[in-house]
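Only one structure is covered here, and it is reproduced in the block below.
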2 protein chains.
Amino acid sequence: MSHAPASDTLHARIRSSIERKILSGAWKPGDRIPFEHELMEKYQCSRMTVSKAIADLVSAGLVVRRRRAGSFVAQPPVHLSILDIPDIQAEIRQRGQEYSYKRIARAVRKSARGNAEEQALADGGLLLAVECLHSANKRPFALERRLIALKAVPSAADANFAHVSPGAWLLDHVPWTQAEHRVSAISADVAVSDALEIDPRAACLRLERRTWRNGVAITHVVQTFAGESYHLAGSFTPTRAKRR
Amino acid sequence: MSHAPASDTLHARIRSSIERKILSGAWKPGDRIPFEHELMEKYQCSRMTVSKAIADLVSAGLVVRRRRAGSFVAQPPVHLSILDIPDIQAEIRQRGQEYSYKRIARAVRKSARGNAEEQALADGGLLLAVECLHSANKRPFALERRLIALKAVPSAADANFAHVSPGAWLLDHVPWTQAEHRVSAISADVAVSDALEIDPRAACLRLERRTWRNGVAITHVVQTFAGESYHLAGSFTPTRAKRR
DNA sequence: GCCCGGAATATGTCTATACATAAAGACCAA
DNA sequence: TTGGTCTTTATGTATAGACATATTCCGGGC
């Protein structure tokens, strides 16, 4: 919802100016950001000041600096399992298994009238609903039901997701700034056990995730993983002071 | 395993010197760290340099600064669910339910001979094994089996964990710097369904976690949550550049 | 005792400058 | 083309000083 308040110190203004370009997608990963001397000129300040602004962006992971070459928009994170948004395909291949993907359904529709959450996601626009199946070594592995807000990601309307999973597509095309997980264990119902070819009532891992970019909802997904075959794993350090 | 390499720049040396005091527990949350002018004296450098060292610690969340008052060791993070180590008691109370705790077993023993992982945890010392049950509104909620490395946390030997759960005790007494999760869904076996008073083969959420402080293994825990009643939830932002 | 205002002080921001260093690019030789 | 030097250049580290600003502290007036 709210955009950056552009704090009243100079280095914070420079920082958030650059940050906005990156988060809005105007400057893409790998792009060179202006040289420090150009920013000095633009903001009429000393090099230490622009340097501090860029250093802040480096410590936030948005920018990397290379001597003599300049400073560049950082590549988005590769992945870090639970805490991050997992790329199922990459994870299966990393285990040395064969990955396959099948789209079950794809539809563009309005948000359901009674469903406040869908309406918040759609934000007055349309929703793209995709249902698909991920398999490892030809065995069904995860069932995925996803909604994408077309108002927030209009280019998703051009992807049919017949051969590329919406998760992988989104990771490539849409930077995200915030996500929420809910992980639980469920007994498979008929629809799930049929799709995943497992016993009815078998234990499954259910992962629900909502993702935002700058406060704008992008997507909502429920992934159901077959039985005990899968686990989410993650390595992490303490969450300390919240900034901003 | 490895301790801080104490990089070769001055501000990095100052930074890791302070960091070591905090992570080792020598300086506790709320303690004031030396004034900038004292550090200038100690390291014979300019104020900008010590200021940068402290600014880095602020951005890492280890320190907070207050004008006129000084800089202080930050309070440890409150909690942030999945990504953090959950405090089960606090979470249940936050839901408005009554929390109760029961110790099932406690024993000090050597690491199992054939078990390389237990031996790595024990690191030549003894292990404290605790089994306990968490309940919400008098209904069993989670079964916990935990190992604590007494060599890394000798004071744990003095706690009997009859009324305080080892998780809560550790969060209060031992700072951690690194953790790994594995989350999966399992069907309850007999031991679990008995302890949690649920149907045999009911779906349960299993959370396994290892925790370290400065490369030294502290504890290993497996928590099994009853049925579909529980979910882990977490809000997070992208994991970008890894530092250090 | 209590409230308010001023002095003291530690951090916050910024400048201008200096030298170090990594690496891209150019140039030259085999 | 290949391979090795040398130059150039943008960032990396550090200094010394200036002024701003938020608090704490202290003392005076009521």
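First the proteins, then the strands, lettered A, B, ... as listed; each starts at 1.
In summary, A:E19 and A:R13 do not engage in a salt bridge, as defined by a charged side-chain N under 4.0 Å from a carboxylate O. Between B:E36 and B:R65, at least one side-chain nitrogen of the basic residue sits less than 4.0 Å from a carboxylate oxygen of the acidic one, meeting the salt-bridge criterion.
Taking the nucleotide of DNA chain D with the nearest heavy atom to each of B:Y43 and B:R67, the more 5' of the two is matched to B:Y43. Place B:S51 and B:H37 on DNA chain C by their nearest nucleotides, and B:H37 ends up nearer the 5' end.
Distances were taken from every side-chain heavy atom of A:S46 (C-beta onward) to each of D:dT24, D:dA14, C:dT15; the shortest belongs to C:dT15.
Distances shown here put every side-chain N or O of B:R66 at or beyond 4.0 Å from the OP1 or OP2 atom of D:dT23. Here A:S71 reaches the OP1 or OP2 of D:dT11: one of its side-chain N or O atoms lies under 4.0 Å away. For the pair A:T49 and C:dT15, the criterion of a side-chain N or O lying under 4.0 Å from OP1 or OP2 is met.
The cationic group of A:R66 lies under 6.0 Å from the six-membered ring centre of A:F72 and within 45° of the ring axis, placing it in a cation-pi geometry.
In the interface, the side chain of B:R47 is paired with the base of C:dG12 through a donor and an acceptor atom under 3.5 Å apart. Between the side chain of B:R68 and the base of C:dA8, at least one donor-acceptor pair of N or O atoms lies under 3.5 Å.
Between the CD atom of B:E36 and the P atom of C:dT9 there is a distance of 16 Å, rounded to whole Å. Nucleotide C:dA20 holds its C1' atom 14 Å from the CG atom of B:L10, rounded to whole Å. Summarising the geometry, the separation between CE on A:M48 and C1' on C:dG12 is reported as 13 Å, rounded to the nearest angstrom. In this structure, CD1 of B:I54 is placed 6 Å from P of C:dT11, rounded to the nearest angstrom. Between A:D8 atom CG and C:dT13 atom P the separation is 9 Å, expressed in whole Å. In this structure, A:Q44 atom CD and C:dT15 atom P are separated by 10 Å, rounded to whole Å. Remark: P of C:dT15 and NE2 of A:H11 are 12 Å apart, rounded to the nearest angstrom. Spacing between atom NZ of A:K52 and atom C1' of D:dA14 amounts to 16 Å, rounded to whole angstrom units.
Side-chain atoms of B:R213 and B:L23, non-hydrogen and from C-beta on, never get closer than 4.5 Å to each other.
Ring planes of B:H134 and B:Y101: tilted class, angle from 30 to 60°.
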